[in-house]
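Here's the structure, in structure tokens; my notes come after.
We use all heavy atoms of the structure for the numbers below, so side chains are in, but hydrogens, waters and symmetry mates are not. Keep in mind that what you see is a predicted model, and the values were worked out from it rather than measured.
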Amino acid sequence: MPEPAPVIRRIRKELKQLWMDPAAFCRPGATPVTDLFHWEVIIDGPHDSPYAGGTFPVDVAYPKDYPFKPIKLTFKTKMALDIFGRGWWPNLTIRTVLLSVVSVLYDPLLDLPVRHDAARLYKRERGLYDEKARRWTRRYASAPVVSFYPAGMELFEELLDEAAISGAVARRRSCGAGKWRFFGGRLLGAI
């Protein structure tokens, strides 16, 4: 069953905006977008955070009933994230979601952590938490990732058109269950 045209238009607009004016510390994934509902973005660890120097590939999956259901982000590294939980609103976009992720890398959400042991460590021994986060970043997120950028705006529009047409088939092939751990929103499980 094909996705509704308004959903496709909205995702195309969000993707185009993200690539033309990326959110801080965010950039395109290593492969071209072949499915508007499933693609990759790279989050670079923010400067002045224990995640600095890390590259965090994130699988982005839009549900069929987007924007009424939240975007699902799956880190391909050892990172736990659950920012929105029940706080999803249809007016949120991929850009605001990614900005929220980056802000949580600076200041974890301690009231609703994914990993309570990491939250306790952060509260009680911040220096030890930061050192452990730096060590894990070096171990699990230090491989450089080169982003894919289309050669020009025409090619970008062409890729988005192809992704909209072939999205349903590509989504079924690429969304392997269990391939990556899914976390729908709170951070603090990085260690």
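In this structure, the separation between CD on Glu125 and NZ on Lys132 is 11.0 Å, given to the nearest 0.5 Å. The structure places OH of Tyr140 at 10.0 Å from CZ of Arg135, a figure rounded to the nearest 0.5 Å. In this structure, CD on Gln17 lies 11.0 Å from CD1 on Ile94, to the nearest 0.5 angstrom. Here the CZ-OH distance, from Arg138 to Tyr51, works out to 13.0 Å after rounding to the nearest 0.5 Å. Put simply, NZ on Lys123 and NE2 on His116 are 9.5 Å apart, with the number rounded to the nearest 0.5 Å.
Here the closest non-hydrogen pair linking Pro90 and Phe68 is CG-CD2, 3.9 Å. The shortest heavy-atom contact between Gly45 and Ser49 is C-OG, 4.5 Å. Residues Ala23 and Leu18 come closest through the heavy atom pair N-CD1, 3.9 Å. Summarising the geometry of Ala30 relative to Phe148, their closest heavy-atom pair is O-CB, 3.4 Å, with the distance given to 0.1 Å. Tyr106 approaches Tyr122 most closely through the heavy-atom pair O-OH, 4.3 Å.
Contact annotation: the side chain of Pro57 approaches that of Thr77 to within less than 4.5 Å [non-hydrogen atoms, C-beta and beyond]. In this structure the side chain of Leu36 never reaches within 4.5 angstrom of the side chain of Tyr62, judged on heavy atoms. Residues Thr137 and Pro50 are not in side-chain contact: their nearest non-hydrogen atoms beyond the backbone lie 4.5 Å or more apart. Looking at Phe25 and Val101, their side chains never come closer than 4.5 Å, going by heavy atoms from C-beta outward. Contact annotation: the side chain of Asp117 approaches that of Arg120 to within less than 4.5 Å [non-hydrogen atoms, C-beta and beyond].
Other residues sharing the hydrophobic cluster of Leu99, ordered by chain and number and joined by side-chain separations under 4.5 Å: none, the residue standing alone.
When atom types are taken as modelled, the side chain of Arg10 and the backbone of Tyr66 share no donor-acceptor pair closer than 3.5 angstrom.
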Check against side chain to side chain contact (heavy atoms under 4.5 Å, CB included), Val41 and Trp19: CA-CA 10 Å; Val41 67; Trp19 273 208; 4.2 Å; yes
Verdict with reasoning, Leu73 to Val60, per side chain to side chain contact (heavy atoms under 4.5 Å, CB included): CA-CA 5 Å; Leu73 302 181; Val60 177; 3.8 Å; yes
Audit row: Leu15, Trp39, side chain to side chain contact (heavy atoms under 4.5 Å, CB included) steps and yes/no: CA-CA 10 Å; Leu15 185 60; Trp39 40 275; 3.6 Å; yes
Side chain to side chain contact (heavy atoms under 4.5 Å, CB included) assessment of Arg95 paired with Asp21: CA-CA 9 Å; Arg95 182 179 178 80; Asp21 183 24; 3.8 Å; yes
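Under the rule for a side chain to side chain contact (heavy atoms under 4.5 Å, CB included), the partners of Pro6 that lie at least two apart in sequence or sit in another chain are Pro4, Arg9. With sequence neighbours excluded, no residue forms a salt bridge (Lys or Arg N to Asp or Glu O under 4.0 Å) with Arg139. Residues satisfying the side chain to side chain contact (heavy atoms under 4.5 Å, CB included) criterion with Asp65, sequence neighbours excluded, are Pro63, Lys69. Residues forming a side chain to side chain contact (heavy atoms under 4.5 Å, CB included) with Thr55 (at least two apart in sequence, or on another chain): Arg27, Ile42, Asp44, Val145. With sequence neighbours left out, Arg126 forms a salt bridge (Lys or Arg N to Asp or Glu O under 4.0 Å) with Asp130.
Considering Leu98, Val97, Leu92 as possible partners of Ile71, the one that fulfils the side-chain contact (heavy atoms from CB on, under 4.5 Å) test is Val97.
In this structure, Ile43 is not a member of the same hydrophobic cluster as Val146, with clusters built from ILVMFWY side-chain heavy atoms closer than 4.5 Å.
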